[in-house]
Amino acid sequence: MSRVAYVNGRYLPHRAASVHIEDRGYQFADGVYEVIAVADGALVDGEWHLQRLRRSLDELAMRMPMSPSAMAVVLRETARRNRVDNGIVYMQVTRGVARRDHPFPPAAVRPALVVTARRGPARPPAVLDEGIRVLSLPDIRWQRCDIKSVSLLPNVLVKQAAREGGAYEAWQVDDGGYVTEGSSTNAWIIDQDGTLITRPVENAILNGITRRHLIELARAAGIAVAERPFTLDEAKAAREAFITSTTSYVLPVVQIDDSVLGNGRPGSGSLRLRAMYLDFMAGAAAATA
Ligand code: PDD
């Protein structure tokens, strides 16, 4: 089946979809993005994603290219045209096309909006059955990781280093020895008392939508959640660990560097949280059907 992309008001065949070489996203990484899960045709937490998009744009003094409700229509339509019932939609807003010059271009330059959709997530089943390994690496990113910017080169580099080291994800560690987050996921541990621990939302991490939702689900189920920084050493001594993201949902971590957690198998706490999150996704789809 041929794929379709939305580019600045038009639905185009994927191979013909392109943006100008002087798009500021291409030249300066001057843009932001969102990845939204699609479950049974529904956008999962679509409103929260669009709120976060607006926040990212505000922080960069950029305009929303259209109203959130119009944007939701484009997202759903892109999913529909690609026959994506279960997968993701990707959206990217850049500051638009202008002669290369560092300051913002005149206000008349319109932001560019690109949306694509993909079935998935395409993950080897072994990753889920066996749990994942993570590799710790220094966090070399900037001080505004709360903005979901397309400027992802440090994230790409640590992910690549992790993969070359035989790990699925990289956990980035700040100068104080505290874990910030994964290259494209939030990081969590479960301590010996069963409390979930994840870094609080501030500039050092992205305010993950999956993270946010899981905190709500866990608290509603009576599970204690502490939003506080944790060190790499603490993580290695934890009972369990896991990652969250739109594309991973909840994935158990069984090894951090050379430290194997528990018996080296996905822990019951992480698996329970994963099941809770998948239930919520199924319910979210049913609620909007
Ligand atoms: N990544 N931290 C970072 C640095 C991320 O890039 C992401 C998402 C997350 C998790 O956020 P959420 O739960 O809202 O997906 C945390 C997306 C999926 C990506 O870049 O593909």
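One-based numbering, in listed order, for ligands and for the atoms of each.
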With only distance considered, is [X] within less than 3.5 Å of ligand 1 through an N or O on each side?
{"X": "N155", "value": "no"}
{"X": "H49", "value": "no"}
{"X": "T246", "value": "yes"}
{"X": "T247", "value": "no"}
{"X": "I209", "value": "yes"}

Find all atoms of ligand 1 within a distance of less than 4.0 Å from any non-hydrogen atom belonging to [X], and give their numbers and elements.
{"X": "N186", "value": "10 (C), 16 (C)"}
{"X": "S183", "value": "4 (C)"}
{"X": "R52", "value": "11 (O), 14 (O)"}

Ligand 1-proximal atoms of L206, by part, heavy-atom distance under 4.0 Å: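 Near ligand 1, L206 shows its side chain, while the N, CA, C and O stay back.
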Side chain, backbone, both or neither: the part of T185 lying under 4.0 Å from ligand 1 by heavy atom: backbone
Within-shell test, Y33 vs ligand 1, heavy atom, strictly < 4.0 Å: yes
S248 touching ligand 1 at heavy-atom level, < 4.0 angstrom: no
Donor-acceptor under 3.5 Å (T180 side chain, Q172 main chain):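 Yes; judged by distance alone, with no hydrogens or angles, the pair exists.
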What residue and atom, counting heavy atoms only, is the protein's closest point to [atom], and at what distance?
{"atom": "atom 17 (C) of ligand 1", "value": "K148 NZ, 3.6 Å"}
{"atom": "atom 2 (N) of ligand 1", "value": "E181 OE1, 2.7 Å"}
{"atom": "atom 11 (O) of ligand 1", "value": "G208 CA, 3.4 Å"}
{"atom": "atom 13 (O) of ligand 1", "value": "T210 OG1, 2.6 Å"}
{"atom": "atom 7 (C) of ligand 1", "value": "S184 O, 3.3 Å"}
{"atom": "atom 21 (O) of ligand 1", "value": "V35 CG2, 3.7 Å"}

Looking at [Y] and [X], is any side-chain nitrogen of the basic one under 4.0 Å from a carboxylate oxygen of the acidic one?
{"X": "D174", "Y": "R199", "value": "yes"}
{"X": "R211", "Y": "E227", "value": "yes"}
{"X": "R212", "Y": "E216", "value": "no"}

Tell me whether [X] forms a cation-pi arrangement with [Y], defined as NZ or CZ under 6.0 Å from the six-membered ring centre and within 45 degrees of its axis.
{"X": "R163", "Y": "Y168", "value": "yes"}
{"X": "R118", "Y": "Y90", "value": "no"}
{"X": "R95", "Y": "F104", "value": "yes"}

Parallel, tilted or perpendicular: rings of W188 and F242 (30°, 60°): parallel
Between Q51 and E47: side-chain donor-acceptor atoms closer than 3.5 Å: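 On atom types as modelled, these side chains do not qualify, holding no pair under 3.5 Å.
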E169-S183 side chain donor-acceptor pair, cut-off 3.5 Å: yes
Cluster check V93, Y11: I/L/V/M/F/W/Y, side chain < 4.5 angstrom: yes
